Protein chains: 2
Amino acid sequence: MMDRKPQILDVASELLQTRSFTSFSYQDLSDRLGISKASVHHHFASKEDLLLALTARYRAGQRKKLAELDAQSESPVERLDAYLAWMTELASGGHKICPLGTLQAEFNVIPEAVRADILELFDYAKRWLSGVLTDGLDRGEMEFEGSPTERAVFILSAVQGALQIARAAGPKEFTAVTSQIKLALKPRTEKVSS
Amino acid sequence: MMDRKPQILDVASELLQTRSFTSFSYQDLSDRLGISKASVHHHFASKEDLLLALTARYRAGQRKKLAELDAQSESPVERLDAYLAWMTELASGGHKICPLGTLQAEFNVIPEAVRADILELFDYAKRWLSGVLTDGLDRGEMEFEGSPTERAVFILSAVQGALQIARAAGPKEFTAVTSQIKLALKPRTEKVSS
DNA sequence: GTCTATAACGTGATAGAC
DNA sequence: GTCTATCACGTTATAGAC
């Protein structure tokens with residue numbers, strides 16, 4: 001079959017998110033794809049190559065998805081909601097965690113070349129979310145203390161941690177966190193009707 | 001030398017927090033302790049035994065530490081501060097992450113027997129922090145929406161995620177999160193002097 | 001692009017001497 | 001309690017045929 005590369009990346013991505021980079025092997029890929037280990041190596045010579053292709057795809061996916069969210073709604077609250085929904089979906093109901101999370105958990109172990117990609121993945125999300133929060137502040141849809149950048153890091157940390165906690169302790173923990181993220185941004189000044 | 005067991009656990013703990021459970025080996029322990037692999041096996045027959053001893057020690061340390069924090073101050077704000085300081089210290093300035101975090105990141109890979117310990121570790125922290133937040137609410141030192149339990153999970157998620165993010169992106173990200181955690185709990189109603 | 005076969009090495013774990 | 005030696009196996013990766 002054609003286009004083996006994306007197929008391999010699909011399986012590799014699932015293994016990365018359910019296990020970890022060190023904890024999956026070419027043998028695992030071989031088994032699940034029904035082709036030999038050598039064939040996998042033909043497409044991605046080394047595990048480092050494979051991971052680099054994976055992070056490149058994550059970065060492209062992230063750019064595309066966040067641009068879509070921006071296009072679908074101008075409302076900061078709705079864009080944040082959509083982002084949180086994306087994270088839930090990405091975790092596939094609780095068996096996977098965030099790719100960024102699993103890679104950062106093994107930061108000292110993974111090939112050096114991918115570390116820059118990991119930082120960019122985080123930085124891009126931080127800038128995007130910071131922008132959403134700034135908009136929310138300007139429009140009066142949100143209210144919080146401290147800078148939007150700090151709040152963005154706060155939220156990203158919580159989401160990353162919550163996905164890991166939820167996989168171990170159940171999905172209820174994740175919804176608790178998304179609920180709290182939204183509650184903590186709600187303006188306390190009540191609006192008089194129109 | 002006597003008391004090898006705790007020495008081994010010390011090194012194992014450091015390797016767990018800097019690398020990951022799958023990513024350190026008996027060889028690593030052997031090298032750093034200056035004794036043979038077989039000697040390490042003498043104290044902990046299997047890697048599962050080793051990890052169980054480690055999580056048991058984490059649980060004991062957690063109980064002791066949190067009891068100390070409760071004893072040192074009655075103020076919820078101060079107890080939370082002390083908890084956050086403990087987490088910073090535990091990360092040793094940024095090269096380690098939270099033990100719970102690294103174990104949850106590899107939840108599907110680690111021996112089944114330790115999963116109960118991981119859940120208890122999280123649950124105990126959740127109950128403790130939830131109690132601190134309830135106190136804070138009662139005393140008027142804190143103010144937040146939603147239940148104390150939900151807020152506790154929110155904060156624990158953020159701390160766990162922030163330690164991982166900070167190791168990759170620098171300590172500034174962690175202080176941003178601790179700062180935000182505190183800011184988001186500050187009462188907005190201004191007190192009239194005395 | 002896929003395969004079989006194999007190399008070179010690291011892994012967790014055990015046997016048995018001291 | 002520590003050691004040397006070894007086992008059985010899984011790992012990443014390569015060679016070369018089809």
Side-chain angles (χ1 to χ4, degrees), chain A residues 1-55 102-103 105-115 117, chain B residues 1-57 102-103 105-115 117:
Chain A
M1 187 183 288
M2 251 265 83
D3 271 350
R4 271 284 187 224
K5 274 190 152 99
Q7 289 183 355
I8 295 173
L9 291 177
D10 286 344
V11 177
S13 180
E14 209 236 318
L15 289 167
L16 179 72
Q17 287 179 257
T18 51
R19 304 190 173 281
S20 81
F21 178 67
T22 345
S23 304
F24 81 84
S25 66
Y26 276 82
Q27 186 64 57
D28 293 324
L29 297 170
S30 165
D31 291 343
R32 306 208 185 193
L33 289 160
I35 61 176
S36 72
K37 282 194 295 176
S39 294
V40 183
H41 274 286
H42 170 77
H43 295 285
F44 299 100
S46 74
K47 219 180 166 184
E48 176 173 337
D49 290 337
L50 177 61
L51 188 54
L52 281 170
L54 214 44
T55 51
T102 187
L103 291 172
E106 290 203 305
F107 197 73
N108 293 329
V109 173
I110 58 176
E112 252 199 72
V114 304
R115 294 190 191 167
D117 279 13
Chain B
M1 188 182 289
M2 250 265 83
D3 271 350
R4 271 282 188 231
K5 273 190 152 102
Q7 289 182 356
I8 294 173
L9 291 176
D10 286 343
V11 177
S13 180
E14 208 235 317
L15 288 168
L16 179 72
Q17 286 179 257
T18 50
R19 304 189 173 281
S20 82
F21 178 67
T22 346
S23 303
F24 80 84
S25 65
Y26 276 81
Q27 187 63 58
D28 293 324
L29 297 170
S30 164
D31 291 344
R32 306 208 184 193
L33 289 160
I35 61 175
S36 71
K37 277 198 300 175
S39 294
V40 183
H41 274 287
H42 170 76
H43 295 286
F44 299 100
S46 73
K47 220 180 168 186
E48 176 174 337
D49 290 337
L50 176 61
L51 188 55
L52 281 170
L54 215 42
T55 51
R57 215 175 59 154
T102 186
L103 290 172
E106 290 202 306
F107 197 73
N108 293 329
V109 173
I110 58 176
E112 251 199 74
V114 304
R115 294 188 191 168
D117 278 14

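What's counted below: heavy atoms across the whole structure, side chains too, no hydrogens, waters or symmetry copies. Here the structure is a predicted model, which is why all the values come from computation and not from measurement. Proteins get letters first, then strands, A, B, ... in listed order; numbering begins at 1 in each.
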Report yes if a side-chain nitrogen or oxygen of [X] is closer than 4.0 Å to either non-bridging phosphate oxygen (OP1 or OP2) of [N]; otherwise report no.
X     : N     : answer
A:S36 : C:dC3 : yes
B:H42 : D:dT2 : no
B:H43 : D:dT2 : yes

Can you tell me which nucleotide in [options] comes closest to the side chain of [X]?
X     : options               : value
A:K47 : D:dA13, D:dA15, C:dT2 : D:dA13
B:S46 : D:dA5, D:dT2, C:dA13  : C:dA13
B:R4  : D:dT2, C:dT4, D:dT4   : D:dT2

How many Å lie between [atom1] on [X] and [atom2] on [N], as a whole number?
X     : N      : atom1 : atom2 : answer
B:K37 : D:dT4  : NZ    : C1'   : 12 Å
B:I8  : D:dG1  : CD1   : C1'   : 10 Å
B:I35 : D:dG1  : CD1   : C1'   : 9 Å
B:Q7  : D:dT2  : CD    : P     : 9 Å
A:H41 : D:dT11 : NE2   : C1'   : 9 Å
A:D49 : D:dT12 : CG    : C1'   : 12 Å

*B:Y26 OH to B:S39 OG distance, which is reported to the nearest 0.5 Å*: 12.0 Å
*Rounded to the nearest 0.5 Å, what separation is found between the CG atom of B:D28 and the CZ atom of B:R19?*
7.0 Å
Using distance alone, with no hydrogens and no angle criterion, decide if [X] and [Y] have a side-chain donor and acceptor under 3.5 Å apart.
X      : Y      : answer
B:D31  : B:Q27  : yes
A:T22  : B:S23  : yes
A:T102 : A:E106 : no

_Test: A:K47 cationic atom under 6.0 Å from A:F21 six-membered ring centre, within 45° of axis_ = yes
*asked:* With the threshold set at under 4.0 Å for non-hydrogen atoms, list the residues of residues 21-31 of chain A touching DNA chain D in residue-number order.
replied: A:F24, A:S25, A:Y26, A:Q27
*A:D10 with A:R32: basic N within carboxylate O range, under 4.0 Å*: no
